[in-house]
Amino acid sequence: MPSDLLDRILMNPRVPRHVAIIMDGNGRWARKRGLPRHAGHWEGMNAVREAIEGACATGVEILTLFAFSTENWKRPRSEIDALMRLLQVYAEKEREQLARAGVEARVLGEVERLDPAAREAVRQIENATRGGSVLRLNLMVSYGAREELVRAARSLCEQARNGTLDPESIDEEAFEGALFTSGLPDPDLLIRTSGEFRLSNFLLWQLAYTELYITPSLWPDFTRDDLFAAILDYQQRERRFGRVAAG
Ligand code: FPP
């Protein structure tokens, strides 16, 4: 069912503004082919391209990709090195193309934990793409939602302690402002590949009312048509945000 899917999406004005993706299944993709795990991660880079191009074609404004979790630091050193190198190569190779396409890339998470070469590549991709107005791309790197929430609480406490914030004024908006995703609308749609029904410590605050879509595709096999199928499915959903149905 190729890209008449896109035509069907565009006939409906309800396109998700913000799509988040848990890119899972790189290891299984590689194992099925008798390849080392890092081969799956490298192949996953093509799927990242597909997701970005698909998002731009549909009018999605924000795409948030879970590229490396805080838990991923517990993987073997060789795999961590491969993922760091991949981030660096991705940022170096793609930044001009992203800038031309109007994609503004931001890397969110504990960026200070990345090795110096990866940190420099992050700085460069952010500089090269600043101001892009077609799509905001968030690459979540060394990211864990619980750590993000703890960090936000700590930052608000510090402001209260030094007298710049009245604890009485801490509300949802103030809390949101202390998250990595500060200022962005919550995801409307979360896609997870490889058939797992888990959030895996991803955006626990921001996903409160997000529609979930699980696909059996392994991440390296993910194409823009998989994204289109997820968006079409989203367009059939009724979102109530805890209220009763309209009418
Ligand atoms: C999960 O697969 C995927 C990751 C830990 C890394 C995600 C990275 C990419 C898709 C590479 C491209 C990204 C950018 C933006 C540079 P897994 O290893 O957990 O797979 P498994 O569950 O099958 O073992």
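Numbers for residues simply follow the sequence, beginning at 1. Below, all heavy atoms of this structure are taken into account, side chains as well, without hydrogens, waters or symmetry copies. Every number for a ligand or one of its atoms is a count from 1 in the order of the listing.
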Please set out all donor-acceptor pairs under 3.5 angstrom arising from side-chain atoms of residues 131-138, sequence neighbours excluded.
from : atom 1 : to   : atom 2 : distance (Å)
R136 : NE     : N138 : OD1    : 2.8
R136 : NH2    : N138 : OD1    : 3.1
N138 : ND2    : T64  : OG1    : 2.9

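Under a 4.0 Å criterion applied to the non-hydrogen atoms of Y90, ligand 1 contributes the atoms 16 (C). Near G27, meaning under 4.0 Å from any of its heavy atoms, are these atoms of ligand 1: 17 (P), 18 (O), 20 (O), 21 (P), 23 (O), 24 (O). Below 4.0 Å from some heavy atom of M23 lie the following atoms of ligand 1, by number and element: 1 (C), 3 (C), 10 (C). Against a heavy-atom cut-off of under 4.0 Å, R28 is close to the following atoms of ligand 1: 21 (P), 22 (O), 23 (O). Near N72, with a cut-off below 4.0 Å to any heavy atom, the atoms of ligand 1 are 5 (C). Annotation for ligand 1: atoms under 4.0 Å from non-hydrogen atoms of L139 are 15 (C).
Note that CG of L227 and OG of S217 are 11.5 Å apart. Values are rounded to the nearest 0.5 Å.
Under a cutoff of 6.0 Å and an axis angle of 45°, R95 and Y90 do not form a cation-pi pair. Geometric assessment of R31 against the ring of W29 yields a negative cation-pi assignment under the 6.0 Å and 45° thresholds.
Backbone and side-chain nitrogen or oxygen atoms of W219 are examined, and none is located within less than 3.5 angstrom of a nitrogen or oxygen of ligand 1. For the pair W29 and ligand 1, the shortest N or O to N or O distance does not fall below 3.5 Å. In terms of N/O distances under 3.5 Å, ligand 1 is approached by R37. Considering backbone and side-chain atoms alike, R75 places an N or O below 3.5 Å from some N or O of ligand 1. On a distance-only criterion, M45 and ligand 1 share no N/O pair closer than 3.5 Å.
For the residue pair D225/T223, the side-chain donor-acceptor check at 3.5 Å is not satisfied.
Scanning for side chain to side chain donor-acceptor pair (under 3.5 Å) contacts around R100 gives Q97, with sequence neighbours left out.
With hydrogens left out, the protein atom closest to atom 6 (C) of ligand 1 is A67 O, 3.4 Å, a heavy atom. If you check which protein heavy atom lies closest to atom 14 (C) of ligand 1, you get V48 CG2, 4.3 Å.
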